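Here's the structure we're looking at; comments come further down.
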Protein chains: 2
Amino acid sequence: MNLSIAEENYVKAIYKLQEGDTAVTTNALAYELDTKPASVTDMAKKLKEKQLIDYEKYKGITLTAEGRKTALQIVRRHRLWECFLVDKLAFSWEEVHELAEELEHVRSEKLTNRLSEYLGNPTVDPHGDPIPDAHGRMAKPRPQTSLDQANAKRLVVTAVTDQSVALLAFLNAKGIRLGTQLEIVAHYEYDNSIEIKMKHAPSLTISEQVAKNIMVRPV
Amino acid sequence: MNLSIAEENYVKAIYKLQEGDTAVTTNALAYELDTKPASVTDMAKKLKEKQLIDYEKYKGITLTAEGRKTALQIVRRHRLWECFLVDKLAFSWEEVHELAEELEHVRSEKLTNRLSEYLGNPTVDPHGDPIPDAHGRMAKPRPQTSLDQANAKRLVVTAVTDQSVALLAFLNAKGIRLGTQLEIVAHYEYDNSIEIKMKHAPSLTISEQVAKNIMVRPV
DNA sequence: AAAATTATTTAGACAAATCTAAATAATTTT
DNA sequence: AAAATTATTTAGATTTGTCTAAATAATTTT
């Protein structure tokens, strides 16, 4: 099936928003894609026609098996290009998302597989997200929670869920990246802030807002 | 200026067809882009509006200085990606053109320059075509002629002007690639064929049609 | 130089992807 | 359960890039 770039972006966004088998709403998708609900309705009809999604008026959207397969291919390409940009071209993690958004639309399986091989078949991208293999299989992420939910004291950063340039640059500035080890010093209900401490550095305070997007596991 | 992929393809095609300051005709451009003359007229108006081309009804098309600059950026990206695919991902030269057609539209100067650096700032692509540098400057290709025009006997292949998969695969099969040294054994007017001989191989016969697309210089 | 041919442009249409404004359905509040 | 609010869809318009068919300009042939 030959999809346009717009169609690919919809499929990818639906995949991202669909937790389990909860249907994705028109509004949520419009917000995610920075477009209008009316446009989402239009596209939903097309993608249903192409059997990539299940869609009934007013009932929301879910991917079909075929749609999920397509989504995983796009995600695979996106994350492999991110690895390439960081590992080979020395970009920093907050710069690569936008570039990968463009590169992911080059739909050549041969290119994708060669790129993967060239990079040593990585299983996670620079933000800690798992990379689907050529068959769409993904390593199950190890149990992780967001930093604001963590009970353990000594933690390691495994992923970042919000890939906005702003957040990633902020974390960069604070010295927080994948694999960074840290301890929770205190959690202040008073102003919803968390005090953390990294090795060889003074402790620092971040908001719960930020902590929600930092995934960690006990070390 | 933000150009669409279609606009970029027109600018690139005009650059390719424009020899010296001869204007490019509507028909030639339509043929090159596999579209209709009427569509070319439509797009010509848009590109004139954007000051990328000079265009007067019935008088043909030439690039402005701005248009030439844009074209060179696209050509630079195209040829760098071709180098990447051949040098790093082990594609053969006939496979890379189509992929580079897509990759060339990722318009990030930072990416382009990092890629160039990563490849060792190459000055020619896998087909022997020169790569413009970040300022649009290109190494002047050394004097070369097409194989069917060559007078010298001992020659080296410097470029291939037609990048169709068919021709490149044909040359591959015959063992002809960039840098290949050969001798002209005979040129038969009778059936417009040329007999050539490469080192350590029996002589072989190719048509003038093919020879026209093989660029050579005396060795 | 008139006729025939070829090249180019115009006019009007279409598909894809989007939008706004209005209508309708679903959900929440009172 | 009626009213108010929110979510979604429909209808109709817009932009981009393309097309066909017809009209016009340029060039070539006779």
Side-chain angles (χ1 to χ4, degrees), chain A residues 1-15 17-19 22-63 67 70-71 74 101-102 104-105 107, chain B residues 1-19 22-63 67 70-71 74 101-102 104-107:
Chain A
M1 180 127 37
N2 240 351
L3 299 186
S4 69
I5 289 177
E7 288 169 331
E8 282 201 345
N9 283 334
Y10 271 87
V11 169
K12 190 176 54 141
I14 295 163
Y15 176 81
L17 295 181
Q18 188 181 339
E19 305 268 341
T22 339
V24 175
T25 66
T26 305
N27 256 5
L29 200 45
Y31 183 79
E32 171 72 22
L33 289 167
D34 196 21
T35 185
K36 305 293 166 187
S39 308
V40 173
T41 302
D42 290 344
M43 183 60 94
K45 289 174 187 165
K46 283 183 215 160
L47 295 177
K48 184 188 179 174
E49 194 63 34
K50 295 196 174 189
Q51 313 204 21
L52 294 167
I53 63 171
D54 291 317
Y55 167 66
E56 294 299 332
K57 271 201 212 179
Y58 299 106
K59 297 279 167 59
I61 294 168
T62 54
L63 288 176
T70 301
I74 302 165
E101 288 285 299
E102 301 198 51
E104 74 188 5
H105 296 297
R107 285 165 278 260
Chain B
M1 181 132 33
N2 241 352
L3 300 185
S4 68
I5 290 177
E7 288 169 331
E8 283 200 345
N9 283 332
Y10 271 88
V11 169
K12 190 176 54 141
I14 296 163
Y15 176 83
K16 182 178 171 188
L17 295 180
Q18 188 181 339
E19 304 268 339
T22 340
V24 175
T25 65
T26 305
N27 256 5
L29 200 45
Y31 182 79
E32 172 72 22
L33 290 166
D34 196 21
T35 184
K36 305 294 168 189
S39 308
V40 172
T41 301
D42 291 343
M43 183 61 94
K45 290 174 186 165
K46 282 183 215 162
L47 294 177
K48 183 186 179 173
E49 194 63 36
K50 295 196 174 189
Q51 313 206 21
L52 294 166
I53 63 171
D54 291 317
Y55 167 66
E56 293 301 330
K57 268 201 214 180
Y58 299 106
K59 297 281 167 58
I61 294 168
T62 53
L63 288 176
T70 300
I74 302 165
E101 289 284 301
E102 300 197 52
E104 74 188 5
H105 297 297
V106 179
R107 285 166 278 264

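Just so we're clear, the structure is a prediction, and the values are computed from it rather than from any experiment. Naming convention: chains lettered A, B, ... in sequence-line order (proteins, then strands); numbering from 1 in each chain.
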A:Glu32 and A:Asn27: CA distance, side-chain angles, deciding distance, side-chain contact (heavy atoms from CB on, under 4.5 Å) verdict: CA-CA 9 Å; A:Glu32 171 72 22; A:Asn27 256 5; over 6 Å; no
message: Let me confirm one number: the CG-CG distance from A:Leu63 to A:Leu52, rounded to the nearest 0.5 Å.
response: 8.0 Å
message: Let me confirm one number: the CG-CZ distance from B:Asn2 to B:Arg107, rounded to the nearest 0.5 Å.
response: 6.5 Å
Would you say [X] places a side-chain N or O within less than 4.0 Å of OP1 or OP2 belonging to [N]?
X: B:Lys46; N: D:dG17; result: yes
X: A:Tyr31; N: D:dA7; result: no
X: A:Thr25; N: D:dA7; result: no
X: B:Lys57; N: D:dA25; result: no
X: B:Thr35; N: D:dG17; result: no
X: B:Asn27; N: C:dT8; result: yes
X: A:Thr41; N: D:dT9; result: yes

In whole angstroms, how far is the [atom2] atom of [N] from the [atom1] atom of [X]?
X: A:Glu49; N: C:dA17; atom1: CD; atom2: P; value: 14 Å
X: B:Lys59; N: D:dT24; atom1: NZ; atom2: P; value: 19 Å
X: A:Met43; N: C:dA16; atom1: CE; atom2: C1'; value: 8 Å
X: A:Lys48; N: D:dT9; atom1: NZ; atom2: P; value: 11 Å
X: A:Tyr58; N: C:dA25; atom1: OH; atom2: P; value: 6 Å
X: A:Leu47; N: C:dT18; atom1: CG; atom2: P; value: 11 Å
X: A:Ile61; N: D:dT9; atom1: CD1; atom2: P; value: 8 Å
X: A:Lys50; N: C:dA16; atom1: NZ; atom2: C1'; value: 10 Å

statement: Here DNA chain C, pairs taken as Watson-Crick or G-U under 3.5 Å and shown with ( ), [ ] when crossing and | when to another strand, reads ||||||||||||||||||||||||||||||
field: Position toward the 5' end of DNA chain C (nearest nucleotide), B:Pro37 or A:Asp34
entry: B:Pro37
- prompt: Considering heavy-atom distances to DNA chain C, does A:Lys36 or B:Val24 have its closest nucleotide positioned more toward the 5' end?
  reply: B:Val24
query: Should A:Leu47 and A:Tyr55 count as side-chain neighbours, where that means a heavy-atom distance under 4.5 Å?
result: no
query: Are side-chain heavy atoms of B:Met43 and B:Lys48 found at a separation under 4.5 Å?
result: no
- prompt: Less than 4.0 Å between a side-chain N and a carboxylate O, is that true for A:Lys46 and A:Glu7?
  reply: no
Charged N-O contact under 4.0 Å between A:Lys12 and A:Glu101: yes
- prompt: Using a cut-off of 4.0 Å on non-hydrogen atoms, how would the nucleic acid contact of A:Lys45 be classed: base, sugar-phosphate, or nothing?
  reply: sugar-phosphate
- request: Quick one: label A:Thr26 by what it contacts on the DNA or RNA (base, sugar-phosphate, nothing), any heavy atom closer than 4.0 Å.
  value: sugar-phosphate
query: Could you go step by step and tell me if B:Thr62 and B:Ile53 meet the side-chain contact (heavy atoms from CB on, under 4.5 Å) rule?
result: CA-CA 6 Å; B:Thr62 53; B:Ile53 63 171; over 6 Å; no
- prompt: Counting N and O atoms only, with roles assigned by atom type, does the side chain of A:Thr41 sit under 3.5 Å from a partner on the main chain of A:Pro37, one being a donor and the other an acceptor?
  reply: yes
message: With the threshold set at under 4.0 Å for non-hydrogen atoms, list the residues of residues 1-14 of chain A touching DNA chain D in residue-number order.
response: none
B:Lys50 atom NZ, over 12 foreign heavy atoms within 6.0 Å: yes
